[in-house]
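Throughout, a chain's letter reflects where its sequence line sits, starting with A, and its residues are numbered from 1.
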There are 2 protein chains.
Amino acid sequence: MAQKEERCARELLEVVPIIARFIRTEMRRHRALGLTVPQFRTLAFTERTGGTTLGGVAEHLGLTPPSTCKIVDGLAARELITRLQSPRDHRKVNLQITAVGKRVVADARRETHKGLASILSSLDQRELERIMQSMRALRMVFIGETVHANT
Amino acid sequence: MAQKEERCARELLEVVPIIARFIRTEMRRHRALGLTVPQFRTLAFTERTGGTTLGGVAEHLGLTPPSTCKIVDGLAARELITRLQSPRDHRKVNLQITAVGKRVVADARRETHKGLASILSSLDQRELERIMQSMRALRMVFIGETVHANT
DNA sequence: TATTGTTATACTCTATAACTATA
DNA sequence: TATAGTTATAGAGTATAACAATA
């Protein structure tokens with residue numbers, strides 16, 4: 001056995017990169033927004049947590065601190081995020097999404113959802129339901145694996 | 001209506017990047033092989049088609065010719081692929097996977113499958129079946145969308 | 001003139017190594 | 001001494017624009 005895992009793995013390896021590329025392109029298409037996927041995820045995480053640190057973002061994204069730092073650099077330069085020394089521990093940096101950041105991430109989310117939904121519209125309700133259940137199952141196992149923490 | 005598409009889109013937008021990152025990391029982990037995802041996909045496509053052209057790969061990956069050219073540069077430098085002027089149309093370049101390329105892509109595929117399958121092993125048979133069906137449905141709609149052609 | 005591929009240039013992602021400031 | 005973050009450096013992905021060779 002473990003044969004079904006094997007076949008399932010093959011499907012994921014074929015299909016996930018295709019959808020990932022679609023998302024990336026869609027995210028980039030709306031030029032006024034112009035977010036990359038990690039930038040989008042960083043903004044969304046910072047908003048969802050109501051503020052975090054660089055280390056928190058790094059763990060969420062599964063990236064090293066230097067990589068994360070550069071992504072945050074870009075967001076801070078565009079004033080989508082603020083970066084302030086933590087008063088409790090001066091080594092830490094508190095990240096907060098700005099009002100503009102909130103608007104941009106909401107717009108990017110809406111536009112990307114629209115692009116995805118338009119493709120999904122050719123599937124019937126049963127298939128959509130199945131995909132949602134699959135995504136929930138995958139999220140659980142992959143998030144359990146891909147270190148995570150909110151600091 | 002269109003509400004289920006919308007929720008399904010949201011799930012995809014959350015979960016796909018996580019799995020994509022896992023695949024990328026897994027692909028890179030086995031350093032002897034050291035393939036990136038587009039390199040892997042290029043090799044796999046070249047092998048599957050029994051030979052293709054640069055334009056063929058570009059369409060398959062959904063990338064521009066210059067981007068594709070650079071990816072092929074890297075593969076050719078490592079002698080995983082050969083690049084020869086087409087005898088019928090001298091503008092075209094025929095790509096062929098080499099023996100070493102075949103070995104490398106097979107190893108990368110096996111290792112990545114192993115990594116994915118080990119995570120999937122915590123899911124039961126019913127869930128795995130559902131994921132496979134979902135992936136097949138998604139592949140159909142996204143490949144229909146993401147231009148494709150084999151030259 | 002249109003097509004195929006390449007080169008030039010530029011930006012982002014991502015990593016490792018080395019460094020600064022703070023605890 | 002250990003931790004949080006940054007800077008330096010480097011390789012790969014990706015795009016647009018400009019170009020060469022061929023049809």
Below 4.5 Å, heavy atoms only, C-beta onward: do [X] and [Y] meet side chain to side chain?
| X | Y | value |
| --- | --- | --- |
| A/Asn94 | A/Arg88 | no |
| B/Ile18 | A/Arg41 | yes |
| A/Arg21 | B/Leu63 | yes |

Requested in this report: Could you check which residues of residues 67-75 of chain A get a heavy atom under 4.0 Å from DNA chain D? Sort them by number, please.
Outcome: A/Cys69, A/Lys70
Query raised in the report: Listed in order of residue number, which residues of residues 105-113 of chain A have a non-hydrogen atom at under 4.0 Å from DNA chain D?
Result: none
Query - Parallel, tilted or perpendicular: ring planes of B/Phe22 versus A/Phe142, cut at 30 and 60 degrees - result: perpendicular
What residues form a side chain to side chain donor-acceptor pair (under 3.5 Å) with [X], not counting sequence neighbours?
| X | result |
| --- | --- |
| A/Gln96 | none |
| B/Arg130 | A/Gln133 |
| A/Glu6 | B/His113 |

Query raised in the report: Hey, does A/Thr64 reach any base, or is it just sugar-phosphate, or nothing, if we go heavy atoms under 4.0 Å?
Result: base
**Report entry** Non-neighbouring partners of A/Val93 that pass side-chain contact (heavy atoms from CB on, under 4.5 Å), sequence neighbours left out
**Finding:** A/Arg83, A/Leu95
Query - B/Thr36: partners by side-chain contact (heavy atoms from CB on, under 4.5 Å), with sequence neighbours left out - result: B/Pro38, B/Gln39
Whole angstrom is fine here: how far is it from [atom1] in [X] over to [atom2] in [N]?
| X | N | atom1 | atom2 | value |
| --- | --- | --- | --- | --- |
| B/Arg28 | D/dG11 | CZ | P | 15 Å |
| A/Arg21 | D/dA12 | CZ | P | 17 Å |
| A/Leu63 | D/dT6 | CG | P | 14 Å |

What pairs with [X] under salt bridge (charged side-chain N to carboxylate O under 4.0 Å, His left out), at least two apart in sequence or on another chain?
| X | answer |
| --- | --- |
| B/Arg48 | none |
| B/Arg103 | none |
| A/Glu127 | none |

Query - Start and end of the DNA chain C segment that chain B contacts, any atom under 4.0 Å from a heavy atom - result: C/dT3 to C/dT14
Report summary line: Residue pair A/Thr25/A/Pro65 against DNA chain D: nearer the 5' end by closest nucleotide is A/Pro65
Query raised in the report: Hey, is the main chain of B/Glu79 close enough, under 3.5 Å, to the side chain of B/Thr98 for a donor-acceptor pair?
Result: yes
Report task. Scan nucleotides 17-23 of chain D nucleotide by nucleotide, 5' to 3', and note B when protein non-hydrogen atoms come under 4.0 Å of the base, S if they reach only the sugar-phosphate, - if neither. Result -> B----BS
